[in-house]
Each structure stands twice: as structure tokens, then as C-alpha cells.
Colleague: 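The structure is given below, and queries will be raised subsequently.
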Protein chains: 2
Amino acid sequence: MAAKDAHHPDLDDVALTTVLAALADPLRLGLVRLLSDGAERQWGELDAPVAKSTLSHHLKVLRSSGITRTRDEGTRCYVHLRAEELEKRFPGLLRNLLDAEGHGATTVGLKQPRPSA
Amino acid sequence: MAAKDAHHPDLDDVALTTVLAALADPLRLGLVRLLSDGAERQWGELDAPVAKSTLSHHLKVLRSSGITRTRDEGTRCYVHLRAEELEKRFPGLLRNLLDAEGHGATTVGLKQPRPSA
DNA sequence: TTCGATGTTCGACGAACTTCGAATAATGTG
DNA sequence: CACATTATTCGAAGTTCGTCGAACATCGAA
């Protein structure tokens, strides 16, 4: 299963410092950048240069910081940005962070669904 | 003396994650909030609930992250926000962070110049 | 020069974070 | 039912961070 006790905090209960701390990590910022198109992604799609358990950990941090939302479906787990809620809580912040150049974020891509044509 | 090898980085060399990490600390965010009026403050003026050495450490972090600028004058040391430069590097970001409600920042005040009337 | 004020630097400590591999749990398939 | 897939959790190791007190360095004044 995935994220059984996934508690998604009410954004009103999340302090700015919590969000900043979550986004200060290069990998997590990279994940947010990837998710910034609003699409919902599956764990397996994410191509990050870390072990699965590490990825799981970082996604948990993002979740408990109120930045992402997790949805289970069978054995799969989907993530997406809580963009609208973040916009209400911290107006303009997300846009600001995503537009920044020279972000030190780790590049997180998408795995190729099928290697051949 | 104060901040002998105080190297202030060019903001173009500062990554977003560096700034976020610096501002993710409650005390440092509190310092930035205090300095956000643009005024130049002296070390001694700052009333923060930490030891001197700790305060010095945090101010050093802010300095090396490009957020503040330090100026020596005799034995005194003055700090101020690099607001304009930050605005150029990360447009709107500072304003966004300062406007946020429910920031988890430590309150940093100013010491009374003279205790009695 | 001696003293006082102001910051910085130096260990040192515990807490928190990052990372991994292995073990675990849940679902879907043969 | 047995097995593969998917994601979480656990335990451990190593690193970084925040904090402090004490020692040090510098400038200004007496």
C-alpha cells in the first residue's frame, strides 16, 4: 500500500518556515518543479537519482509540509501539487520560486514508459 | 573586530535553495523581518533570545547567503538587508516572504537604548 | 599601555537530517 | 495460492545544523 496514514495538514497550520525548509532541499525542490505543471504523477514515473526509500522519504516530507497531496489507487500512489491551496496560503510564493533562475534544484525527470519505439 | 573576512557573495552566484535554507530558520527569518524596514542595525541593538556566539553565527549565514550586508565601523558592526539586490535576483520573493502570515519566525526586537527614562 | 566594549572563532554537544539496504505490507496477476 | 509489483517502514551510518561557553582579536578611551 501507499501512505496509509498519509495525513495532509491544513495549510493554515503550516508555518512559512516549514515550507521553506521543505523546499530548501535540492531534490524536493526538483520534485516540486516537476510537479509544477499540475499533472498527477505516479511514484514509478519519477526519475530521481536516489534510492526508492529515499524518494519515499522526501515525498513524505513534502506531504507533511502541505506542499503535495497523495492519492492511493491499488498499489500505485499518485502525487500532485497543492498549488491552489498554496496560492491561497502564501500568495505568489510558489510562482516566485518556480520562476527563479539559478535554483539549485536537482533535476528530476520522468522515466521512459517504453524504451523502444 | 567584526567580520574580517566577510565575503559578500554576488547574488548571481547564490542558488535559490541557499536562500531558502537560510530563511528556513526561525531566528534568521526573524532577523530578516526586523531588518525589512531597510534600516541599518548594529549587533548590540538586536535583541534575540540566543547567545552572542549563536547570533554571530546566524548573521554569518545570512551574510554568506547574500541576504544581508555587513559594514564595520571601529568595533561596531552594522547589518542591513540587501533588499534591492534580492529583488533583482528573485523578484517579489522577499516581499512574499515578509507578507506571509503564520510565519514561524522568532521575534527579534530592539534593545532599549537606555533602561530608565 | 592597560582596560573595556564589541564581535569572531573554537571546540563540543545533542538533535535533526539524508541516505541506504533490507524487511514489511498490500494489491493485482497467473 | 504463489508470485511479482509498488510503496512504506525500520535500523543504521554518516553528515549537517543549532547552540553554548570560553578564549581570542580588534578598536577606542583613559
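Note that these values count all heavy atoms, side chains included, but never hydrogens, waters or copies made by symmetry. Proteins get letters first, then strands, A, B, ... in listed order; numbering begins at 1 in each.
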Colleague: For residues 53-62 of chain A, which residues have at least one heavy atom under 4.0 Å from DNA chain C?
Modeller: A:S53, A:T54, A:H57, A:H58

Colleague: Salt bridge (Lys or Arg N to Asp or Glu O under 4.0 Å): which pairs involve residues 19-28 of chain A, sequence neighbours left out?
Modeller: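 Pairs touching residues 19-28 of chain A that pass the test: none.
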
Colleague: Quick one: list whatever passes side chain to side chain contact (heavy atoms under 4.5 Å, CB included) with B:L34, sequence neighbours left out.
Modeller: B:L46, B:V108, B:L110

Colleague: Counting distance only, does the side-chain N/O of B:H103 pair as donor-acceptor with the main-chain N or O of B:L97 below 3.5 Å?
Modeller: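 Checking the backbone N and O of B:L97 against the side chain of B:H103, no donor-acceptor pair under 3.5 Å is found.
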
Colleague: Taking five pairs at each end of the helix from C:dT1-D:dA30 to C:dG30-D:dC1, what angle separates the two helix axes (nearest 10°)?
Modeller: 10°

Colleague: Specify the residues of residues 32-46 of chain B, ordered by number, for which at least one heavy atom lies under 4.0 angstrom from an atom of DNA chain D.
Modeller: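 Going residue by residue through residues 32-46 of chain B, none turns out to have a heavy atom under 4.0 Å of DNA chain D.
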
Colleague: Restricting to side chain to side chain contact (heavy atoms under 4.5 Å, CB included), what partner residues turn up for A:T54, sequence neighbours left out?
Modeller: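 With sequence neighbours excluded, A:T54 shows a side chain to side chain contact (heavy atoms under 4.5 Å, CB included) to A:V50, A:A51, A:H58, given in chain and number order.
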
Colleague: Test of understanding: with side chain to side chain contact (heavy atoms under 4.5 Å, CB included), list the residues that count as partners of B:S36, not counting sequence neighbours.
Modeller: B:L81, B:L98

Colleague: So, OP1 or OP2 of C:dA26: does either fall under 4.0 Å of a side-chain N or O from A:R76?
Modeller: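 No, because none of the side-chain N or O atoms of A:R76 sits under 4.0 Å from OP1 or OP2 of C:dA26.
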
Colleague: Can you name the residues that form a side chain to side chain donor-acceptor pair (under 3.5 Å) with B:R89, not counting sequence neighbours?
Modeller: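 For B:R89 there are no side chain to side chain donor-acceptor pair (under 3.5 Å) partners, ignoring immediate neighbours.
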
Colleague: Just grab all the salt bridge (Lys or Arg N to Asp or Glu O under 4.0 Å) pairs involving residues 29-44 of chain A, residues at least two apart or on different chains.
Modeller: A:D37-A:R41, A:E40-A:R71, A:R41-A:E45

Colleague: Can you sort out which residues in residues 14-26 of chain B have a heavy atom within less than 4.0 Å of DNA chain D? Ascending by number, please.
Modeller: B:D25

Colleague: Ignoring backbone atoms, establish whether B:R28 has a side-chain N or O less than 4.0 Å from OP1 or OP2 of D:dC17.
Modeller: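 B:R28 to D:dC17 OP1/OP2: no side-chain N or O under 4.0 Å.
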
Colleague: Just to verify, what does B:D99 make a side chain to side chain donor-acceptor pair (under 3.5 Å) with, not counting sequence neighbours?
Modeller: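 Partners of B:D99 under the side chain to side chain donor-acceptor pair (under 3.5 Å) test: B:R95.
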
Colleague: A:T18: what forms a side chain to side chain contact (heavy atoms under 4.5 Å, CB included) with it, not counting sequence neighbours?
Modeller: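 Side chain to side chain contact (heavy atoms under 4.5 Å, CB included) check on A:T18 returns A:V14, A:A15, A:S65.
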
